[in-house]
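Notes follow the structure.
As the structure lists them, so they are numbered: ligands from 1, and atoms in each ligand from 1.
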Amino acid sequence: MSVAVYPGSFDPVTLGHFDIIERSANIMDKVIVGVLNNRAKTPLFSVEERVDMLKYVTRQIPNVEVQSFDGLLVEFVRANHAKVIIRGLRAITDFEYELQLSQTNHVIAPEIDTIFLTTNLKYSYLSSSIVKEIAEYHGDISAFLEPEIAARMIEKLKGKEEQ
Ligand code: PNS
């Protein structure tokens, strides 16, 4: 059985991420979306909220599972008996970082390979941080996120503004 891990911060999941998940699920028997519980960064959404949003958007894809992880990605991949890491490549600017990530992972875990899927052109400009910035300035984020995710984001930012 081919099992892949699609890791990321997903703060929050965008339509670009969803496109990669959907396409990965078409080529692999099982895709595990790994949500990084990053202690160094302060995400807008908690890891539980990010997992919940990913479970919501992938609810109709039966071979997709969502889990959070802490620590090294390759250990998470090994623990799930996967051999493949999936990453999306948007523009050439992603390449250097992604190359570094995949080569480092391959040195520390030679049995694991990274497969890159080029992002659909429609979403090649999209990033969670830009969407967050637009939302913080009350801009329209409906072209970037599923309606339910956009609603949760607006709600979250409203809560922060009231603090
Ligand atoms: O969505 P992102 O923030 O670009 O995802 C980055 C991610 C989660 C893939 C990367 O930060 C990661 O794998 N972190 C886990 C820690 C780790 O394994 N670091 C060494 C990789 S070289």
- Regarding Arg152 and the six-membered ring of Tyr56, is the cationic atom NZ or CZ under 6.0 Å from the ring centre and inside 45° of its axis? yes
- Main-chain N/O of Ile130 paired to Ser127 side chain as donor or acceptor, under 3.5 Å: yes
- Kindly confirm or rule out an N or O of Thr104 lying under 3.5 angstrom from an N or O of ligand 1. no
- Item | Region of Asn105 engaging ligand 1 - heavy atom pairs below 4.0 Å | side chain
- Counting both backbone and side chain atoms, is some N or O of Arg87 under 3.5 Å from an N or O of ligand 1? yes
- Message: Looking only at the side chains, is there a donor atom on one of Glu65 and Gln67 sitting less than 3.5 Å from an acceptor on the other?
- Response: yes
- Task: Between Leu72, Leu73, Asn37, flag the one that comes closest to atom 20 (C) of ligand 1 by a heavy atom.
- Result: Leu72
- Message: So that I can tick it off, tell me whether Lys83 and Asp113 are bridged by a salt bridge, with the cut-off set at under 4.0 angstrom between side-chain N and carboxylate O.
- Response: no
- Task: Could you tell me whether Phe69 and ligand 1 have an N or O pair separated by under 3.5 Å?
- Result: no
- Item | Residue portion contacting ligand 1 (non-hydrogen atoms closer than 4.0 Å) for Leu36 | side chain
- Message: Counting only heavy atoms from other residues, nucleotides and ligands, does the tally under 6.0 Å from NZ of Lys55 exceed 12?
- Response: no
- Message: Below 30° counts as parallel, above 60° as perpendicular, anything between as tilted: where do the rings of Phe76 and Phe69 land?
- Response: parallel
- Query: Looking at ligand 1, does Gly71 have a heavy atom less than 4.0 Å from it?
  - Reply: yes
- Task: Do me a favour and list the nearest non-hydrogen protein atom to atom 3 (O) of ligand 1 with residue, atom name and distance?
- Result: Ser9 OG, 2.6 Å
- How does Tyr97 reach ligand 1, if at all, at less than 4.0 Å between non-hydrogen atoms: by side chain, backbone, both, or neither? side chain
